[in-house]
Amino acid sequence: MVPELEKATVHMKNPEHVKRVISALRKEGTDKLQVISDFDMTLSRFGFNGRRCPTSHNILDNSRVISEEGRKKLKDLLHYYYPIEIDPNRTMEEKCPLMVEWWTKAHDLLLQQKILKSDIAKIVRDSEVMLRDGVNAFFDQLHQHDIPLFIFSAGVGDVLEEVLRQAEVLHPNVTVVSNYMDFDDQGVLRQFKAPLIHTYNKNNRVLGKTEQFQQLSSRTNIVLLGDSMGDLSMADGVTDAENVLTVGFLNDKVDERRGKYRDAYDIVLEKDETLDVVNGILCYVL
Ligand code: C5P
Ligand code: MG
């Protein structure tokens, strides 16, 4: 059915369930289908040649527009909070206030740096960001078949949109909900727009009764892509969801987190830097 599911990186707790959902998605056609995806470390690569690739926040953190002192402080925050973010032994309730702390401190540091709107394109161009292999086929397939792609990201919206624009995949079927920057009349960053989205509040409460929420709730067959346990609530807004297929990229601390990921995601992709499996499923379904 989908030869890519035979890849060594693929793990499924219940392969029969996966087959049933994929068959239903194909049978029900394109009108009811949408893809809901995380951005950082899901559409973007986690690593390349043994080195970590940057998240949309890191693209800013590591850029030349940030002072050396600011860069060091942002790195210290990452080293303190990232292990908490991915710790399989802490609950989401425990992690939530700590994530708010991380995002708030990082955004405050970024605000001190007088970042210009007009610098974003160059910051992205000069960065080491990489999208996963197969990303063009992924975006193009969805665009061709008019399937909405809803990107729900706790990263920085302006930065991730620019990454997609430079990759020439920011097609009209793509909607992004993320943390967007607010610039003053001179084009200088003055604040981040509310609400703050972090790893563990990606749900319908943070979306509120927005246009994006309306869009999200109207298509009841869903392919959901994420890399964090927090990404699983991204489709909460679709209350009458019918067929949902969740695909989780397990990038880091694989041995410690394998059990939880296999329990939570229908398909787990371990250390797989490609979108091959997702593209194979879409090719079969569309
Ligand atoms: O797009 P996504 O929701 O994955 O973006 C959030 C990711 O950005 C988190 O997984 C987190 O590790 C990372 N992050 C970061 N720097 C921050 C805050 C979050 O790299 N200041
Ligand atoms: Mg992510």
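Order of listing sets the numbers, starting from 1, for every ligand and every atom in it. For this chain, numbers begin at 1 and follow the sequence in order.
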| message | When you measure from the side chain of Asn201 to the backbone of His198, do you find a donor-acceptor pair of N or O atoms at a distance under 3.5 Å? | response | yes

| request: Taking only heavy atoms of Phe39 into account, list the atoms of ligand 1 that are under 4.0 Å away from them. | output: 1 (O)

| field | Any Lys202 heavy atom less than 4.0 Å from ligand 1 | value | yes

| request: Check whether NZ of the Lys or CZ of the Arg Arg26 lies under 6.0 Å from the centre of the six-membered ring of Tyr284 and within 45 degrees of that ring's axis. | output: yes

| query | Under 3.5 Å between some N or O of ligand 1 and some N or O of Asp61? | reply | no

| said: Once you restrict to heavy atoms under 4.0 Å, what part of Asp38 touches ligand 1? Side chain, backbone, both or neither. | reply: side chain

| task | Without swapping roles, check the side chain of Glu94 against the backbone of Thr91 for a donor-acceptor pair under 3.5 Å. | result | yes

| task | Would you mind finding which of Met41, His57, His198, Lys75 brings a heavy atom closest to atom 16 (N) of ligand 1? | result | His57

| Is Glu128 atom CD crowded by more than 12 heavy atoms from other residues, nucleotides or ligands, each under 6.0 Å away? | no

| said: Tell me if a side-chain donor or acceptor on Trp103 pairs with a main-chain N or O of Leu196 at a distance below 3.5 Å. | reply: no

| request: Name the orientation class of the two ring planes belonging to His171 and His143 (parallel below 30°, tilted from 30 to 60°, perpendicular beyond 60°). | output: parallel

| query | Is Asp231 close to ligand 1, meaning an N/O of one under 3.5 Å from an N/O of the other? | reply | no

| request: Kindly say whether Ser228 contributes a backbone atom to a donor-acceptor pair with the side chain of Asp231 at under 3.5 angstrom? | output: yes

| field | Under 3.5 Å donor-acceptor, Asn251 side chain and Met41 backbone | value | yes

| request: Would you mind naming the N, O or S atom of Asp40 nearest to the Mg ion (ligand 2)? | output: O

| Which ligand 1 atoms are under 4.0 Å away from a heavy-atom of Ala106? | 21 (N)

| To the nearest 10°, how many degrees is the angle Asp227 OD1 to the Mg ion (ligand 2) to Asp38 OD2? | 80°

| request: Identify, by atom number and element, the atoms of ligand 1 in contact range of Glu85, meaning under 4.0 Å from any of its heavy atoms. | output: 9 (C), 10 (O), 11 (C), 12 (O)

| task | Check ligand 1 against Tyr82 and write out every atom of the ligand that is under 4.0 Å from a heavy-atom position of the residue. | result | 12 (O)

| Looking at Ser153, which atoms of ligand 1 are within less than 4.0 Å of one of its heavy atoms? | 1 (O), 2 (P), 3 (O)

